Amino acid sequence: MSRLIERLRGGLPDEALVTDPDVTAGYAHDHASFCPAGTPAVVVLPRTVEQVRHVMRTATELRVPVVPQGGRSGLSGAANATDGCIVLSLVKMDRILEIDPVERTAVVEPGVINAVLSRAVAEKGLYYPPDPSSWEMCTIGGNIGTGAGGLCCVKYGVTAEYVLGLDVVLADGRLLRTGRSTAKGVAGYDLTRLFVGSEGSLGIVVRAVLALKPHPPRQLVLAAEFPSAAAAGDAVCRIMADGHTPALLELMDRTTLRAVNKLANMGLPESTEALLLAGFDTPDPAADLAAVAALCAAAGATEVVPASDAAESELLLKARRLAIHALESIRSATMIDDVCVPRARLADMLEGTAAVAAKHDLVIGVCAHAGDGNTHPVVCFDPRDADESRRALASFDEIMALGLELGGTITGEHGVGVLKKEWLAREIGPVGLELQRGIKELFDPLGLLNPGKLF
């Protein structure tokens, strides 16, 4: 321990090193439940690329594991410390280095908060679409590490589609530049996409070139009530099959609606089984809403309420934004899944999750990015109750198994981390697992970067 601190001090200012156990304990884990976390030896908060390189050279020399962290808002344990590790928190590397309206790019450090970047580019008439629900606290580096998504993915896509190039510090301290700053470029293997979603297991992202879009018009939103998950799922399929491109298409089940009403007294229809929200930021959103309203009615909607302006749209979206917080208020702990299934199997996923909840006598609410099939079953439980905790963990596993049975994936945007590493092997199979482990060994032969995550 003393040797590690001494070597780190050789290339870091005093304020970059945190050794007080009471403070370092606060960096031990992210927001995931049921994920073990160790005790870090030291927390390092670098401000420069050279300081990150010094940390990695020291770690390689002394064979000390390194756990990279951003805002620690993750839900899979990917940022959890291991015993004796260096926690490398990149939150102090928080500069927006460039915003280029001509190239429609931004160059940022990894500690930039998603919402801060979004507001900065908006001032120049530009738009950075990836918008995780934790956008006010999550970092761009963390978004890249987990391959984060958000409400607008149905139209605009996920983080991976906006990362053009990266500067990455490798395990031995070398600096690698991947990708490009141009609108097009296909030189060599696409190492940039390899790092997106790698959860800090291949290298430390210290700079990112991000693609931007022109800022869209303000969106209008409608809310449609359905008597069953099947009817809501049918409406989603009709909307997508009819060629519409909503900016968002979100769904909440009855359990979630009741939780939101209890938390915020919003007067939502608790008798409905599913509430679908559709938003458009097109030049004529009212016409799009009218067409979608007709499709919802044909699918069996009992009521469709279109907003007439941006203020009414925000009021409708407030319920969706409160969904996770409302479910978290039911019990003292939650497990938030992010199983993604084909759109045509969305109703099966909701009905199957309800059956799991009934089987285990648990409250499990579902909110979903319905437009891309990405569901968020939220298992509510009391961690002080051993039996309820056991049932919660069993239900979580059954929900993931259900997602795979329906032709889906165990994670649409939260990543694998510790929580889903067993399930990753089931999804990708033995050949895929062998090749992914080979990639890990190539980039990190000593196994120092975020050990114990992914596989």
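Note that the structure is predicted; figures quoted are calculated from it, not measured.
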Report yes or no: does [X] contribute a side-chain atom to a donor-acceptor pair with the main-chain N or O of [Y] at less than 3.5 Å?
X: Q51; Y: L12; result: no
X: E273; Y: A229; result: no
X: D30; Y: N80; result: no
X: D253; Y: L350; result: no
X: T409; Y: G412; result: no
X: S313; Y: V221; result: yes
X: K213; Y: P129; result: no
X: H29; Y: A37; result: no

Distance-minimising heavy-atom pair for [X] and [Y]:
X: G415; Y: T411; answer: N-OG1, 2.9 Å
X: E312; Y: P306; answer: OE1-O, 4.2 Å
X: T375; Y: A368; answer: CA-CB, 3.8 Å
X: G200; Y: P68; answer: O-CG, 3.7 Å
X: A106; Y: L117; answer: CB-CD1, 4.1 Å
X: C296; Y: I239; answer: SG-CD1, 4.3 Å

Taking NZ, NE, NH1 and NH2 as the nitrogens, is one of them in [X] or [Y] under 4.0 Å from a carboxylate oxygen of the other?
X: E250; Y: R320; value: yes
X: R426; Y: E422; value: yes
X: K124; Y: E103; value: no
X: R47; Y: E109; value: no
X: D167; Y: R177; value: yes

I'd like to check [X] versus [Y] (side-chain heavy atoms, cut-off strictly below 4.5 Å). Are they in contact?
X: F443; Y: L449; answer: no
X: I410; Y: V339; answer: no
X: R180; Y: T192; answer: no
X: L151; Y: H369; answer: yes
X: L222; Y: V304; answer: yes
X: V49; Y: M93; answer: yes
X: P217; Y: T282; answer: no
X: L295; Y: D242; answer: yes

[atom1] of [X] to [atom2] of [Y]: how many Å apart, nearest 0.5 Å?
X: L275; Y: E225; atom1: CG; atom2: CD; result: 6.5 Å
X: M56; Y: L175; atom1: CE; atom2: CG; result: 12.5 Å
X: K453; Y: C35; atom1: NZ; atom2: SG; result: 9.0 Å
X: Q436; Y: L194; atom1: CD; atom2: CG; result: 9.0 Å
X: L289; Y: Q219; atom1: CG; atom2: CD; result: 9.5 Å
X: L322; Y: S329; atom1: CG; atom2: OG; result: 10.0 Å

With sequence neighbours excluded, what pairs up with R104 under the salt bridge (charged side-chain N to carboxylate O under 4.0 Å, His left out) test? none
For E303, which residues count as a salt bridge (charged side-chain N to carboxylate O under 4.0 Å, His left out) partner, sequence neighbours excluded?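 Expected list: none.
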Can you sort out the partners of F455 under ring pair (Phe, Tyr, Trp, His ring centres under 6.0 Å), two or more places apart, ordered by chain and number?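 Checked F455 against ring pair (Phe, Tyr, Trp, His ring centres under 6.0 Å); zero matches.
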Contacts of T60 that satisfy side chain to side chain contact (heavy atoms under 4.5 Å, CB included) - sequence neighbours left out: R63, D172, L446, L448
Listed by chain and number, what are the side chain to side chain contact (heavy atoms under 4.5 Å, CB included) partners of C237, not counting sequence neighbours?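 If we apply the side chain to side chain contact (heavy atoms under 4.5 Å, CB included) test to C237, skipping adjacent residues, the hits are A344.
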Side chain to side chain contact (heavy atoms under 4.5 Å, CB included) evaluation trace for K318 with R321: CA-CA 5 Å; K318 181 180 178 182; R321 294 195 176 105; 5.7 Å; no
Given side chain to side chain contact (heavy atoms under 4.5 Å, CB included), test T255 with L327 step by step and report yes or no. CA-CA 8 Å; T255 299; L327 290 166; 4.3 Å; yes
Could you tell me whether Y127 and Y156 have their ring centroids closer than 6.0 angstrom? yes
Consider only side-chain N and O atoms of T159 and N143, and report whether a donor and an acceptor are under 3.5 Å apart.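 Result is no, nothing qualifies.
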Write out all pairs satisfying salt bridge (charged side-chain N to carboxylate O under 4.0 Å, His left out) with one or both partners inside residues 338-350, taking only residues at least two apart or from two chains.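 Those involving residues 338-350 are D338-K420, R345-D348.
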Candidate pair L277 and L251, rule side chain to side chain contact (heavy atoms under 4.5 Å, CB included), full reasoning: CA-CA 6 Å; L277 300 171; L251 184 147; over 6 Å; no
